[in-house]
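One-based numbering along the sequence shown. Start at 1 and go down the list; that is how both ligands and their atoms are numbered.
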Amino acid sequence: MSIIEIKVPDIGDFSDVAVIELLVKPGDTIKAEQSLLTVESDKASMEIPSSHSGVVKELKVALGDKVSEGSLVLMLEVAGDAAEPAAAAAAPVADAPAEAAPAAAQAAPAAATGPIEVHVPDIGDFKDVAVIEVMVKVGDTIKLEQSLITVESDKASMEIPSSAAGVIKELKVKLGDKVNIGDLLAILEGSVASAASAAAPAASAAAAPAPATSAPAAAAPAQAAASVSVAAAPAHVPTATPALGLPHASPSVRKFARELGVPLSEVKGTGLKGRITDDDVQSFTRSVMSGAVQTLAAQAQAKSAGTGSNDGAGLGLIPWPKVDFAKFGPVERKELSRIKKISGANLLRNAIMIPAVTNHDDCDITDLEAFRVSTNKENEKSGVKVTMLAFLIKACVAALKKYPEFNSSLDGDALIYKQYFHIGFAADTPNGLMVPVIKDADKKGIYQISTEMGELAKKARDGKLGPAEMTGASFTISSLGGIGGRYFTPIINAPEVAILGVCRSTTEPVWDGKAFQPRLMLPLSLTWDHRVIDGAAAARFNVYLGQILGDFRRVLL
Ligand code: CAO
């Protein structure tokens, strides 16, 4: 073991830039290339990666510090003999721009008449980067250096400024496009003497990046404006007003928010200068799930679809009956919980949009239940209680492996086959139905799944599930086995394509060819999306699932 210094590597013309986020702390085990901190100039933010793997011993920077190439970031304990710390400082920054903020043309502007083409300036090592925000629209009058778009690699985001002033006649990029140096961004009608070289080098602009001073850039991103405009009366005050709206967040936070479907423009940033952090995204999601907050999109959706106020007109149906129930007897009106409102809108969409069919079947779990009961007896002292649902999860994983279309999602005319097995399970909570997810169930044993399920179900009931614990399922099981019932028709949790419903097992007489035998039979209800799966495949899935639950040794065949 030895301790080495990790320094800021070559970050192009970024110098004296403010540390706006610390992504590691003493005691953390980090990998080479893992991001350590985020720095920000007035036009771009960038994550600084580590050049080595090891354990963080001491942080040498704090929030708000200014750093440049060579600044000491932290002391790292690494395995083996001391790697050359000097080399660490020179480690190249993966995906970070060798040049910093894009050009703000310094050249003396030349008088411009007629259309002016604005191209992507030299943005260093940024190549094929995605446009994640378009901050202007046709008809806007823009100033020299006003930001037009934001691009993002997996490590940094950057605003691209205009090399000229004028009125935007045509926009040549849209959200999601990939851009490179020299690509045409917009055509301006030059009203101001301003045209500068589109290829103005980044260096000139970046020579003195102002520390991350101001509020977010002034132009409202198209996305934020759109999401703000959908709802007339927000249930909470979105952080970003349409006029000021660029949410400030690092690329990794943006990525995290995108994965969860969190509208960043509605998240309140608690980081330095109002920056949105991972924690902010998480607590926003928690508030939505607990019902304390409703996203603007959900409000709009609930308004038009989810809460009984829907009159069906949008679907061409006859209006929802409006009845004064008080005419028939005493009544009490109670608002639906927020979770019910949100899940109601989702359930309605899934019920209407998915051509769903349910296959019912029974399977013999006599031996499995006997094994479960005896295992639990043996483990009485250790306290780990093995549940039938844990066996069902494992059996479903085996069936999903054999019939992979059940572990897929529709994407237009294509199917996305997932090579992971994250199984959601419906949990009944005082606030409504929640679906925690057992990640990588294929890699976990029955004990681990049972334990995790118990913990997740408890968190769900206590309203403490984190967003990461409720997302990413590739298949869902809804078990009413602890309650009762025979069969039901669960609604698919889109964008998944199937869901297994399970009811209470009962001992029944089963004919073995010679006599009726008392067998413990488990009722299964598999709902599937007929666009992806057909009836024969569904029947085979259920039969195979039944065979495994009947004898788990089949998993080995
Ligand atoms: N047949 C017979 N008994 C069963 C059974 C089955 N299929 N499944 C569970 N049981 C038994 C358990 O063994 C347990 O009995 P013991 O205490 O004697 O061991 C008892 O029923 C209670 O089980 P449980 O429901 O607490 O635990 P679980 O692991 O089966 O389920 C959870 C956990 C979180 C899925 C469940 O508590 C729950 O919330 N279920 C409701 C899901 C739901 O609402 N689905 C509908 C969605 S559509 O609106």
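- Neither the backbone nor the side chain of N376 has any atom closer than 4.0 Å to an atom of ligand 1 (non-hydrogen atoms only).
- Heavy-atom distances between K458 and ligand 1 stay at or above 4.0 Å for every pair.
- Here K25 pairs with D28 in a salt bridge; the nearest charged N to carboxylate O distance falls below 4.0 Å.
- By the criterion of a heavy-atom distance under 4.0 Å, both the backbone and the side chain of S505 are placed next to ligand 1.
- A salt bridge is absent between E266 and K268: the closest approach of a Lys/Arg side-chain nitrogen to an acidic carboxylate oxygen does not fall below 4.0 angstrom.
- Ring pair F371/F552: centre-to-centre distance not below 6.0 Å.
- Contact annotation: for L522 versus ligand 1, heavy atoms closer than 4.0 Å belong to the side chain alone.
- The shortest heavy-atom distance from P490 to ligand 1 is not under 4.0 Å.
- In T387, the part holding a heavy atom less than 4.0 Å from any atom of ligand 1 is the side chain.
- Across L480, N493, T506, heavy-atom proximity to atom 43 (C) of ligand 1 is greatest for L480.
- Proximity annotation for atom 4 (C) of ligand 1: of G432, G481, A457, G481 comes nearest, heavy atoms only.
- Distance check on atom 25 (O) of ligand 1: some protein heavy atom falls below the 4.0 Å cut-off.
- Applying the salt bridge (charged side-chain N to carboxylate O under 4.0 Å, His left out) test to residues at least two apart or on different chains, none of the pairs has a partner in residues 374-387.
- Residue contacts with ligand 1 for E369 are absent, since no atom lies close enough (heavy atoms, distance under 4.0 Å).
- Between D551 and R554 no salt bridge is recorded (no basic side-chain N to carboxylate O distance below 4.0 Å).
- Within the 4.0 Å heavy-atom criterion, neither part of M521 lies near ligand 1.
- If you check the side chains of T489 and T358, you find no donor sitting under 3.5 Å from an acceptor.
- Taking any N or O of C503, backbone or side chain, at least one lies under 3.5 Å from an N or O belonging to ligand 1.
- Screening residues 482-499 for salt bridge (charged side-chain N to carboxylate O under 4.0 Å, His left out) gives R486-E508 as the qualifying pairs, with residues at least two apart or on separate chains.
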- Message: Using the rule given for side chain to side chain donor-acceptor pair (under 3.5 Å), can you reason through T277 versus D279, listing the C-alpha separation, both sets of side-chain angles and the distance that settles it, and then say yes or no?
- Response: CA-CA 5 Å; T277 65; D279 283 350; 5.1 Å; no

